[in-house]
Amino acid sequence: MLTPASPAAAAPGDGSPGDTNISYLGRWDKTSSTFYASNWAGAYLRTGFTGTTVRIRQRNSVEFWASIDNRPFVKFTGVSGTVNLTPTPLAAGNHTLVVNYRQRAGSYNGDAVFGGLVLDAGATTLALPVRPKVLEFVGDSITAGTLSSNLALTDYGWLTGERLGTEHTQIAIGGACLVAAADGCWGMEQRYFKIDAASSANWDFSRYQANVVVINLGTNDVGHSVTGAQFQSSYTAFLRNIRARYPVATILALKTFRGRYITETQNAVTAVNNAGDRNVFFVNTDGWLTADGLADAVHPNDLGHQQITNRLAPIIAGYLSPSGRYEAEAATCDGTIDSNHTGFSGSGFCNGTNAIGAAVQFSASVASAGSTTIAVRFANATAAVRPADLIVNGVRVQAVSFEATATWTAWTTKTLTIQVNAGVNTIRFSPTTAGGLPNIDYLDVTPR
Ligand code: GCU
Ligand code: CA
C-alpha cells in the first residue's frame with residue numbers, strides 16, 4: 001500500500017515532495033511535507049524519472065499542465081486524487097517531467113499543491129541539470145498570461161526563460177498595481193515580497209537569487225487614481241527594496257505596453273542610478289506589440305507574447321552575458337542541442353541539420369556601435385571544409401570556412417571582425433553547402 005511520505009522518509013528518487021531529485025522553481029510553499037503549494041503564476045517543478053508511467057498525487061480538484069520528454073504541455077482540468085499523466089505508457093527508459101499549476105486568481109480557486117509522484121514499481125526519479133540562471137518577471141495579468149491560451153505557460157515570461165535556457169518565474173497576478181492604492185488593488189510594492197499574492201508570510205529570498213528581474217507594472221494603477229508623484233516614489237522604493245534582496249541582479253523596468261507612467265518609471269530608474277545602482281535599466285517597448293498581437297485593448301494573445309519574447313529575450317541575453325560569451329544552446333539552432341562530444345562549454349552545442357541554410361543565430365548586446373571581434377568555437381571532424389555565410393543584422397558580410405578539425409572533440413576557435421550597432425545585434429552563420437554547419441559551441445563577442 002502507498003502512504004504519503006513523511007519528510008523523514010523522503011529519499012532521493014522516491015518521488016515524494018521532499019525528493020531532492022525534484023527541482024522546484026518559483027515560490028513554492030514547502031511548509032507541509034506532504035503537499036507543496038505552488039504560488040504566484042509561473043512556478044513549476046521539474047524532474048527526470050525512469051519507467052513507463054507517471055502519476056501525480058493531488059488533494060482536491062485542480063487544474064495543471066504537464067509536459068513529458070519536452071513534448072507540448074497537456075492540460076488537466078478538474079482532476080484530483082492520483083492522476084495518470086501517461087494514459088499511453090512511455091517507452092521504457094529515462095524521461096523528463098515539468099508541471100505547472102494554474103494560479104489561484106479571480107474566480108479560479110483550485111488546490112494548487114503537489115503531493116508527489118507515483119512511478120512504476122522499482123522506478124526512481126532522476127535529478128535533471130539545473131539551469132544556472134534565473135529570470136523573474138514581475139507584473140499583472142499581462143505577465144500572468146491572462147487571455148493567452150495556456151496562461152502562465154504561453155506568457156512572455158515563461159517563453160523568454162525557455163528561449164534563453166534559464167529557469168524563470170512570474171510573480172504576477174491579474175489586476176495588480178505597483179502602488180497599494182487605498183481603494184484596493186494588489187500593490188506589488190508590498191505583495192512582491194510575500195510568498196503568495198494573498199499571503200501575509202514573507203518570501204524567503206535566500207531560496208534562490210534571480211539574475212535578472214523584469215518589472216512590467218503601472219497598467220492598472222491608472223484605474224486606481226494613483227498620481228504620478230505617488231507612482232514614481234513607489235517605483236523608486238520598489239527598485240531599492242528589490243536590490244536589497246538581490247544584490248547583483250540586473251533589474252529591467254519595462255515601459256508598459258499601454259504607455260502608463262512612462263516619465264515616472266524613467267525617473268525612478270534614474271534616481272537609483274544616480275544613487276549608485278547602475279544595474280537598473282529602463283527598457284523602451286515601443287513597437288513590440290502589433291494590433292494582431294492583442295486579444296483585447298490590454299492583453300497580448302499568443303502571438304503578442306511571442307512578439308514580446310522576440311524583443312525581450314535578446315536584451316536579457318546581453319545582460320546575462322556581460323563577458324560577451326553566448327552559448328549555442330541559448331541561441332537559435334536549426335538542429336539539435338547535443339552533448340555527446342565532450343569539451344564543449346555550457347550544457348551542449350548546436351548540431352545543425354546537415355543542409356544549406358540550417359543556421360545558428362546569436363543575439364549579442366554591445367554598448368556602442370563600431371568594430372568588434374567575434375570568436376566562434378566549432379568542431380568539424382569531416383574531411384571537408386564546411387562553408388557558411390556570416391550574416392550580421394540581416395546583412396551578409398562575409399563567407400566563413402569552417403575547416404576540418406581532427407575529431408568532434410577537437411574544438412577550435414575562429415576569430416572574425418564585424419561592425420555592430422549599439423544594443424542588440426543578430427549574428428548568424430548560415431551554411432552554403434549541403435553538409436551544413438560544423439558543430440558550434442559558442443560565440444564570444446568582445447564587449448565595446
Ligand atoms: C556526426 C556527429 C555530429 C555532427 C554530424 C555532422 O553525426 O556525431 O555531432 O553534427 O556528424 O556531420 O554534422
Ligand atoms: Ca550536424
Side-chain angles (χ1 to χ4, degrees), residues 2 5 10 12-26 28 35-38 41-59 61-103 110-131 145 148-155 157-159 161-170 302 329 333 335-340 347-348:
L2 284 165
D14 70 359
S16 67
D19 175 350
T20 51
N21 285 343
I22 303 174
S23 315
Y24 296 91
L25 289 308
W28 287 82
F35 288 102
Y36 284 4
S38 161
Y44 55 97
L45 66 87
R46 209 147 60 85
T47 187
F49 64 95
T50 64
T52 61
T53 70
V54 58
R55 290 174 292 158
I56 186 166
R57 287 197 197 94
Q58 295 304 142
R59 190 166 54 186
S61 182
V62 69
E63 190 163 310
F64 67 82
W65 289 260
S67 165
I68 293 176
D69 294 337
N70 296 319
R71 291 199 291 268
F73 278 87
V74 175
K75 186 177 180 180
F76 294 80
T77 303
V79 291
S80 59
T82 302
V83 183
N84 186 3
L85 306 184
T86 47
T88 306
L90 310 167
N94 294 352
H95 302 284
T96 64
L97 172 68
V98 181
V99 178
N100 165 252
Y101 288 92
R102 177 169 173 185
Q103 181 182 26
D111 192 25
V113 295
F114 171 67
L117 301 176
V118 182
L119 302 173
D120 292 348
T124 65
T125 59
L126 302 168
L128 296 177
V130 174
R131 300 153 164 185
S148 73
S149 59
N150 288 312
L151 304 181
L153 286 171
T154 32
D155 181 85
W158 188 289
L159 299 177
E162 291 299 311
R163 171 86 57 92
L164 296 174
T166 63
E167 307 292 3
H168 47 84
T169 194
Q170 291 131 274
D302 287 5
E329 56 271 31
C333 165
T336 56
I337 303 301
D338 291 355
S339 54
N340 55 331
S347 61

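Nothing fancy with the numbering, it's 1 onward along the sequence.
- Judged purely by atom type and a 3.5 angstrom limit, Y101 uses its side chain to pair as donor or acceptor with the backbone of V113.
- Ring-centre distance between F64 and F76: below the 6.0 Å cut-off.
- Once rounded to the nearest 0.5 Å, the distance linking OG of S148 with CG of L153 reads 8.0 Å.
- Without hydrogens or angle criteria, T47 side chain to L97 main chain gives no donor-acceptor distance under 3.5 Å.
- Residues L151 and Q103 have side chains not in contact (no heavy-atom distance under 4.5 Å, counting atoms from C-beta outward).
- Looking at E329, its side chain never comes within 3.5 Å of a backbone N or O of G165 through a donor-acceptor pair.
- With sequence neighbours left out, E63 forms a salt bridge (charged side-chain N to carboxylate O under 4.0 Å, His left out) with K75, R102.
- A search for salt bridge (charged side-chain N to carboxylate O under 4.0 Å, His left out) contacts involving R163 returns nothing, not counting sequence neighbours.
- Residues S61 and G78 come closest through the heavy atom pair OG-CA, 3.4 Å.
- Using a 4.5 Å heavy-atom cutoff, the side chains of W65 and N150 are in contact.
- Put simply, the side chain of D155 gets close to the backbone of G157: a donor and an acceptor are under 3.5 Å apart.
- Rounding to the nearest 0.5 angstrom, the gap separating the CZ atom in F35 from the CZ atom in R57 is 8.0 Å.
- Side-chain N or O atoms of R131 include one that pairs as donor or acceptor with a backbone N or O of T166 at under 3.5 Å.
- Sorted by first and then second residue, the salt bridge (Lys or Arg N to Asp or Glu O under 4.0 Å) pairs with a member in residues 113-126 form an empty list; sequence neighbours excluded.
- Distance alone, capped at 3.5 Å, is enough to place a donor-acceptor pair between the Y24 side chain and the P17 backbone.
- To the nearest 0.5 Å, the span separating CZ on F73 from OH on Y44 amounts to 9.0 Å.
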